[in-house]
Amino acid sequence: MAKKTVFKPRKQHFPGIDKIAYEGTDSDRALAFRHYDPAEVIDGKTMKEHMRFSIAYWHAFRGTGSDPFGPGTIQRSWETGKDPVSVAKVRMDAAFEFFQKIESPFWCFHDRDIAPEGASLAESNRILDQIVAHAKQLQKATGVRLLWGTANLFSNPRYMSGAATNPDAHVFAYAAAQVKKALEVTQELGGENYVFWGGREGYETLLNTHLKREQDHLARFLHLAVAHAKAIGFKGQFLIEPKPKEPTKHQYDFDVASGIAFLRTYGLEKHFKFNIETNHATLAGHTFQHEIEVAAAAGMLGSIDANAGDLLLGWDTDLFNTDVRELTLAMLSILRAGGLGSGGFNFDAKLRRQSIDPADLFHAHIGGMDAYALAFKIARRILADGTFESFVADRYRSFDSGFGRDIERGKTSFAALEKLVLSRLGEPSPRSGQQEYLENLLTRYLHG
Ligand code: XUL
Ligand code: CO
């Protein structure tokens with residue numbers, strides 16, 4: 001785990017802000033944790049180890065607050081200089097100062113947000129190597145580790161019609177080369193996972209799209225990635241991050257359920273788990289907890305991209321999530337599933353366009369971390385009491401013995417069940433699901 005001391009780079013990029021301390025709920029200070037005490041030990045593990053928080057480089061250090069109506073509003077002091085590679089290194093110094101000050105044990109990146117793209121793939125790879133060497137030193141000096149790496153296969157115009165699902169095999173080849181390199185640098189930095197988010201793997205209209213061929217190509221691409229990971233001895237977990245729409249109208253990894261079907265159809269299921277993003281779940285018309293539960297039921301819960309949508313806006317707003325009720329429900333499903341393993345909670349969330357101060361970056365992450373830590377503690381209390389567990393167990397108890405058990409074990413038939421109903425059971429008597437009572441119980445855990 002991370003060292004206790006704050007790494008001191010040559011220059012402080014967040015000069016007025018010290019390492020964020022845990023001060024508890026009596027504290028009035030805004031730049032302090034109220035619920036996330038990284039050093040608190042629970043069941044033999046620190047909260048820092050339990051939560052496995054991670055900072056998303058692309059939002060925290062490449063986000064500018066730009067939107068379709070105007071350019072960036074957020075200007076950082078380190079974003080100056082003519083040489084983009086030197087700027088990328090200083091930016092990374094600032095990032096690691098932030099990771100340490102916010103007590104995040106992990107970070108995540110896309111290849112192209114840590115290193116600028118060159119004029120050719122060879123040049124891009126050379127630049128990436130330089131930045132990765134710098135990141136490796138910073139990781140060593142600070143103890144901050146890499147939760148996952150990924151490749152940006154969506155920003156460059158060459159990917160406008162997709163990467164692995166592009167109708168042009170040349171683009172498929174280019175994307176394969178880019179992911180090969182991204183996998184290798186993720187391995188170089190000790191990444192514990194590697195993420196595939198569909199980017200532009202989807203379509204706008206079937207007038208120009210061969211859906212079956214595109215899906216076959218996506219599966220082929222993932223098989224090639226599995227083969228390359230094996231070839232280089234990469235041991236990290238592969239993760240699929242579903243999203244139903246945006247940027248394309250139809251994305252192939254719509255949600256966890258369609259992701260599972262896709263992976264099983266193409267014989268990929270044993271190589272992948274899911275990276276579930278809250279805002280992607282709600283865009284798909286699901287709750288965050290639903291997506292977690294579906295992945296857990298298939299033994300494929302991998303990691304979380306922690307953010308929130310705005311239900312009044314229909315797009316991927318990537319807000320910091322402070323909704324403790326929603327997070328408590330998510331935590332219940334995560335803890336019941338036995339946790340995230342090599343995954344973590346990655347703040348794939350961005351500052352609002354008007355939040356232009358460096359301090360806003362701290363407030364945003366403090367809010368998200370505190371909300372998750374509080375939800376974790378409430379969910380543990382709920383599970384320890386077993387209140388909902390025993391309610392659910394009781395609700396299904398007719399399947400624990402007799403003909404119910406025969407149904408579960410596959411030891412019956414339609415004819416046998418018909419005979420049973422006609423001769424003995426007759427009409428079932430309905431039982432209340434008691435939803436309102438259970439919701440009130442949950443409110444008591446949340447608010448007393
Ligand atoms: C896009 C998104 C990505 C992935 C990584 O909506 O969530 O940033 O997390 O490519
Ligand atoms: Co994400």
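All values below come from the heavy atoms of this structure, side chains included, with hydrogens, waters and symmetry mates left out. When a residue number appears, it is its place in the shown sequence, counting from 1. Each ligand, and each atom within it, is numbered from 1 in the order the structure gives.
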Q: Around atom 8 (O) of ligand 1, find the nearest protein heavy atom and jot down its residue, atom name and distance.
A: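 The closest heavy atom on the protein side is Trp58 NE1, 3.2 Å.
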Q: Checking Asn307 against Asp318: is there a side-chain donor and acceptor pair closer than 3.5 Å?
A: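 Looking only at side-chain atoms, Asn307 and Asp318 do form a donor-acceptor pair, the distance falling under 3.5 Å.
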Q: In sequence, state the C-alpha distance, the side-chain angles, and the governing distance for Arg112 and Glu117, and then conclude on salt bridge (charged side-chain N to carboxylate O under 4.0 Å, His left out).
A: CA-CA 6 Å; Arg112 301 295 178 247; Glu117 190 157 4; 3.6 Å; yes
Q: Under a 4.0 angstrom heavy-atom cut-off, which atoms of ligand 1 come close to Asp316?
A: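 What qualifies from ligand 1 is 6 (O).
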Q: Does the side chain of Thr142 pick up a donor-acceptor pair with the side chain of Gln100 at under 3.5 Å?
A: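 On atom types as modelled, these side chains do not qualify, holding no pair under 3.5 Å.
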Q: Which residue supplies the protein heavy atom nearest to atom 10 (O) of ligand 1, what is that atom called, and how far is it?
A: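 The closest heavy atom on the protein side is His110 NE2, 2.7 Å.
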Q: Are any of the N/O atoms on Lys243, whether in the backbone or the side chain, positioned under 3.5 angstrom from an N/O atom of ligand 1?
A: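 By distance alone, the answer is yes.
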Q: Angle at the Co ion (ligand 2), OD2 of Asp305 to OE2 of Glu241, rounded to 10 degrees, please.
A: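 OD2 of Asp305 and OE2 of Glu241 make an angle of 110° at the Co ion (ligand 2), to the nearest 10°.
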Q: May I ask you to decide if Leu218's main-chain N or O and Thr165's side chain share a donor-acceptor pair within less than 3.5 Å?
A: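 Checked: no pair found.
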Q: Keeping Arg34 on the side-chain end and Thr25 on the backbone end, is there a donor-acceptor pair under 3.5 Å?
A: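 At least one qualifying donor-acceptor pair exists.
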Q: What is the OE1(Glu277)-the Co ion (ligand 2)-OD2(Asp348) angle, to the nearest 10 degrees?
A: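 Once rounded, the angle between the two atoms at the Co ion (ligand 2) is 90°.
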Q: Going by distance only, is there an N or O of His280 that falls short of 3.5 Å from an N or O of ligand 1?
A: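 Yes; at least one N/O pair falls below 3.5 Å.
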Q: Is the shortest distance from a heavy atom of His59 to ligand 1 less than 4.0 Å?
A: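 It does not; every heavy atom stays at 4.0 Å or beyond.
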Q: Relative to Tyr174, does Arg158 satisfy both conditions: NZ or CZ under 6.0 angstrom from the six-membered ring centre, and within 45 degrees of the ring's axis?
A: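 Checked: cation-pi criterion met.
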Q: Glu241 heavy atoms, cut-off 4.0 Å: which ligand 1 atoms fall inside?
A: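 Once the distances to Glu241 are compared, the set is 2 (C), 3 (C), 4 (C), 5 (C), 7 (O), 9 (O).
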Q: Does Val195 come within less than 4.0 Å of ligand 1, judged by its heavy atoms?
A: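 For ligand 1, residue contact (heavy atoms, under 4.0 Å) with Val195 is absent.
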Q: Does a donor on one side chain sit under 3.5 Å from an acceptor on the other, for Asn208 and Thr205?
A: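 Judged by distance alone, the side chains do not pair up.
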Q: Only heavy atoms of Asp305, strictly under 4.0 Å: list the atoms of ligand 1 that pass.
A: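 Near Asp305, meaning under 4.0 Å from one of its heavy atoms, ligand 1 has 9 (O).
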Q: Check whether any side-chain N or O of Glu246 sits under 3.5 Å from a backbone N or O of Asp316 as a donor-acceptor pair, and report yes or no.
A: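 Yes; judged by distance alone, with no hydrogens or angles, the pair exists.
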